[in-house]
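Heavy atoms only: backbone and side chains are in, while hydrogens, waters and symmetry mates are out.
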Amino acid sequence: GLESQGVTARSVTYFDFLLPGLVGMGVMVYGIIGMASGMALYRQQKILKRLRATPLKVRTFFTGQVLAYLLLSLVQTGIILAAGVFLFGANIYGNVAWAFPLVVLANLTFLNLGFIVGSLSKTVDAANGLGNAIAMPMMFLSGAFFSTDGLPVVLRDVVQYLPLTPLLDALRGVMLEA
């Protein structure tokens, strides 16, 4: 005979889905626009040229910049996650510790994009504009606020190649699935 059994499922709210998107969006915007505007400012104020006159190696300076951005992105991730859980009642079902290595890995990509934008821009305003032109489509199309399943098939295939999409998929995978 047949025997009925109850099935339990987690209740994932919209904010539970949104929280990894906010983390990814924050890391992306900080990495691209922060680094781009910083590099454009250094160039505009001729700090990079003056840096070559010091005994500090340029690669040491840039390594320090990258490490500072990586550390601050980890702090930013912790603050966003803590605010989401403690202030807004988000549920994290998986292992939140895996979010931090994912953020570091993705931030390296975003910082490279920031370096490229900063090197192409002559002013800080131009860097901010170009950085926003890159970050905004990724923010709205990569699934930070909604699932990419609702996008048209052609657009859904294209957004899979944006760097924010795999980060959001991985963050949701480690935070919402145990």
Side-chain angles (χ1 to χ4, degrees), residues 1-37 66-117 128-178:
L2 294 176
E3 188 176 313
S4 64
Q5 292 180 335
V7 177
T8 60
R10 289 191 185 109
S11 174
V12 177
T13 65
Y14 175 68
F15 193 76
D16 297 342
F17 174 84
L18 182 65
L19 186 59
L22 294 175
V23 169
M25 181 190 71
V27 168
M28 177 198 59
V29 169
Y30 180 67
I32 294 174
I33 298 174
M35 183 58 79
S37 62
V66 169
L67 290 175
Y69 273 87
L70 289 175
L71 178 66
L72 287 173
S73 73
L74 290 173
V75 170
Q76 175 188 20
T77 299
I79 291 171
I80 291 171
L81 289 174
V85 170
F86 297 118
L87 296 178
F88 297 103
N91 297 307
I92 297 177
Y93 298 108
N95 188 351
V96 73
W98 280 107
F100 294 98
L102 289 171
V103 163
V104 168
L105 189 62
N107 203 15
L108 291 172
T109 302
F110 297 132
L111 288 174
N112 280 318
L113 288 172
F115 273 122
I116 292 168
V117 169
N128 288 335
L130 186 56
N132 276 317
I134 292 171
M136 288 299 198
M138 267 197 281
M139 184 184 335
F140 290 111
L141 296 175
S142 291
F145 304 114
F146 56 86
S147 174
T148 57
D149 294 338
L151 294 173
V153 176
V154 174
L155 194 55
R156 191 174 349 155
D157 292 340
V158 170
V159 298
Q160 295 304 314
Y161 296 103
L162 297 176
L164 184 59
T165 304
L167 171 64
L168 296 178
D169 291 343
L171 283 173
R172 287 191 178 111
V174 300
M175 291 173 62
L176 298 179
E177 300 170 11

What's the separation between atom [atom1] in [X] and atom [atom2] in [Y], rounded to the nearest 0.5 Å?
{"X": "Leu72", "Y": "Ile79", "atom1": "CG", "atom2": "CD1", "result": "9.5 Å"}
{"X": "Leu141", "Y": "Gln160", "atom1": "CG", "atom2": "CD", "result": "11.5 Å"}
{"X": "Asp169", "Y": "Thr148", "atom1": "CG", "atom2": "OG1", "result": "6.5 Å"}
{"X": "Leu168", "Y": "Leu22", "atom1": "CG", "atom2": "CG", "result": "10.0 Å"}
{"X": "Leu171", "Y": "Leu102", "atom1": "CG", "atom2": "CG", "result": "5.5 Å"}

Close side-chain approach of Leu81 to Phe100, heavy-atom, < 4.5 Å: yes
Do Met138 and Leu167 come close enough that some side-chain heavy atom pair is under 4.5 Å? no
Considering all heavy atoms, the nearest [X]-[Y] contact:
{"X": "Met28", "Y": "Ala135", "result": "CE-O, 3.4 Å"}
{"X": "Asn128", "Y": "Ser37", "result": "OD1-CB, 3.3 Å"}
{"X": "Pro163", "Y": "Thr109", "result": "CB-CG2, 3.9 Å"}
{"X": "Ala36", "Y": "Val117", "result": "CB-CG1, 3.5 Å"}

Which residue pairs pass the ring pair (Phe, Tyr, Trp, His ring centres under 6.0 Å) test with at least one member in residues 144-163, sequence neighbours excluded? Phe140-Phe145
Could you list all the ring pair (Phe, Tyr, Trp, His ring centres under 6.0 Å) pairs where at least one residue sits in residues 71-90, not counting sequence neighbours? Phe15-Phe88
Identify, with sequence neighbours excluded, every residue that meets side chain to side chain donor-acceptor pair (under 3.5 Å) alongside Ser73. Asn107
Test side chain to side chain donor-acceptor pair (under 3.5 Å) applied to Ser142 - qualifying residues, sequence neighbours left out: Thr165
For Ile80 and Leu19, what are the C-alpha separation, side-chain angles and deciding distance, and is it a side chain to side chain contact (heavy atoms under 4.5 Å, CB included)? CA-CA 8 Å; Ile80 291 171; Leu19 186 59; 4.0 Å; yes
In chain order, what residues pass the side-chain contact (heavy atoms from CB on, under 4.5 Å) check against [X], with sequence neighbours excluded?
{"X": "Phe17", "result": "Tyr14, Ser147, Arg172"}
{"X": "Leu108", "result": "Val66, Leu70"}
{"X": "Asn132", "result": "Ile33, Met136"}
{"X": "Val153", "result": "Arg156, Asp157"}

Contacts of type ring pair (Phe, Tyr, Trp, His ring centres under 6.0 Å), residue Phe115, not counting sequence neighbours: Phe62
From Leu164, Val103, Val29, residue fulfilling side-chain contact (heavy atoms from CB on, under 4.5 Å) relative to Phe110: Leu164
Checking side chain to side chain contact (heavy atoms under 4.5 Å, CB included) for the pair Leu74/Val104: CA distance, chi angles, key distance, verdict? CA-CA 7 Å; Leu74 290 173; Val104 168; 3.6 Å; yes
Using modelled atom types only, decide if a donor and an acceptor are shared between the side chain of Asp16 and the backbone of Thr13 within a distance under 3.5 Å. yes
Side-chain donor or acceptor of Tyr69 paired with backbone N/O of Gly34 under 3.5 Å: yes
